[in-house]
Amino acid sequence: MPHRELARALSPLLHDVAREAGAMARSYFRRGEKTSARIWSKAGGSPVTEADVQVDAFLKVRLSRALPEAGWLSEETADDPARLKRKTVWIVDPIDGTRAFLNGHPDWSVAIGLLVDGEPVMGVVYGPALEAFYAAVRGEGATLNGRPIAVSARSALAGALTAGPKPLVDQLQQGVGDVAYAEKIPSLALRLARVAEGAIDLGLVSANARDWDIAAADLILREAGGRLSGFDGAPPRYNQADPVHGEMLACPEGLHAALVQALTRRRQAAH
């Protein structure tokens, strides 16, 4: 089945499953307070909660049933290299922004993308505590709560509202003279989605993001008229043996070349 027909056919189910997963996670969320979920540390020290694990198991059952031939890559599932040989692959982050979730900050999300031949063809980023449901199918535009969205119409980098790690925003500011600092957005998927809807102009991303952090939001951004790339201007490559990415930038298509230049100019001068 061609990718667009496949995405159209699966889209209603994906939306229902994402909402159900979000409701499951939200039952553990306490705005402004610690989560009611049990918390432990993964190897490397990052936190995980019983909500992450429960939502991951639910999504794996429901999505694998809908598309049994698809591979699976999720933050909370042991990686199966069989995915590397699959034409279709689900890319899932059951709770993106776990620290925000467990501390009562509403900026966390459920992120689900579907790859065909390594390219995102369908994506959902759902912020249950915000009732913000971003979705896209390749070639058909992006929506927030069912309404079409588009990136900022800004035509220059100076003064752009920028979200991301302070060292990278500082680096950009040194390159363009002045940018506005957006409030921190703990969920990377939501950070990219907010560039897609034009709520912020630019998004910057530290090295070591994984496929599950960005695949769904990348498609939403593309369909809203934006672009996600490395600092070298190249798009992310998905479903690699090691699904880790370097520093990245997200912006309207019309600002991409200027943003790449601004972020790399000082580094090149230093070498």
Side-chain angles (χ1 to χ4, degrees), residues 1-11 13-15 17-18 56 59-60 62-94 96 109-126 134-142 151 187-189 191-193 195-196 203 205-251 253 256 260:
M1 185 186 295
H3 71 79
R4 191 173 294 186
E5 283 70 17
L6 176 65
R8 280 180 184 152
L10 288 172
S11 196
L13 176 137
L14 176 60
H15 289 205
V17 169
D56 186 67
L59 290 172
K60 192 168 196 307
R62 291 291 298 276
L63 296 175
S64 297
R65 187 186 302 159
L67 198 61
E69 68 273 23
W72 181 265
L73 178 61
S74 166
E75 180 170 19
E76 306 304 342
T77 307
D79 192 12
D80 181 354
R83 66 179 169 81
L84 298 171
K85 295 182 170 64
R86 300 294 174 89
K87 181 180 179 66
T88 53
V89 181
W90 291 110
I91 307 285
V92 172
D93 197 338
D96 182 49
S109 64
V110 178
I112 307 168
L114 179 66
L115 304 182
V116 175
D117 294 328
E119 286 292 322
V121 300
M122 179 168 59
V124 161
V125 174
Y126 177 36
Y134 300 86
V137 168
R138 194 162 92 191
E140 300 198 353
V151 292
S187 162
L188 177 49
R191 191 185 314 163
L192 301 181
V195 177
V205 182
S206 295
N208 296 317
R210 269 52 174 185
D211 280 9
W212 50 76
D213 298 310
I214 64 171
D218 181 6
L219 180 66
I220 292 165
L221 178 61
R222 291 186 208 182
E223 290 296 319
R227 196 192 296 192
L228 176 68
S229 81
F231 281 17
D232 60 357
R237 296 178 64 214
Y238 294 108
N239 199 36
Q240 303 295 298
D242 187 8
V244 181
H245 301 268
E247 293 173 328
M248 291 182 291
L249 56 92
C251 62
E253 182 70 44
H256 183 258
V260 168

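Heavy-atom basis, side chains included; hydrogens, waters and symmetry copies ignored.
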What's the separation between atom CZ in Arg86 and atom CG in Leu115, rounded to the nearest 0.5 Å?
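Between Arg86 CZ and Leu115 CG, I get 13.5 Å after rounding to 0.5 Å.
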
Approximate separation, where rounding is to 0.5 Å, of Ser74 OG and Asp93 CG:
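It comes to 6.5 Å.
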
With a 4.5 Å limit on heavy-atom distance, are the side chains of [X] and [Y] in contact?
| X | Y | value |
| --- | --- | --- |
| Pro94 | Val110 | no |
| Trp72 | Val89 | no |
| Val124 | Val17 | no |
| Leu67 | Thr88 | yes |
| Thr77 | Asp56 | yes |
| Ile214 | Tyr238 | yes |
| Arg222 | Arg227 | no |
| Arg191 | Leu188 | yes |

Does Pro235 offer a backbone N or O that forms a donor-acceptor pair with the side chain of Arg237 under 3.5 Å?
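Not a single qualifying donor-acceptor pair exists.
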
Under 3.5 Å side-chain donor-acceptor pair for His245 and Asp211
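Checked: His245/Asp211 side chains pair up, N/O donor to acceptor below 3.5 Å.
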
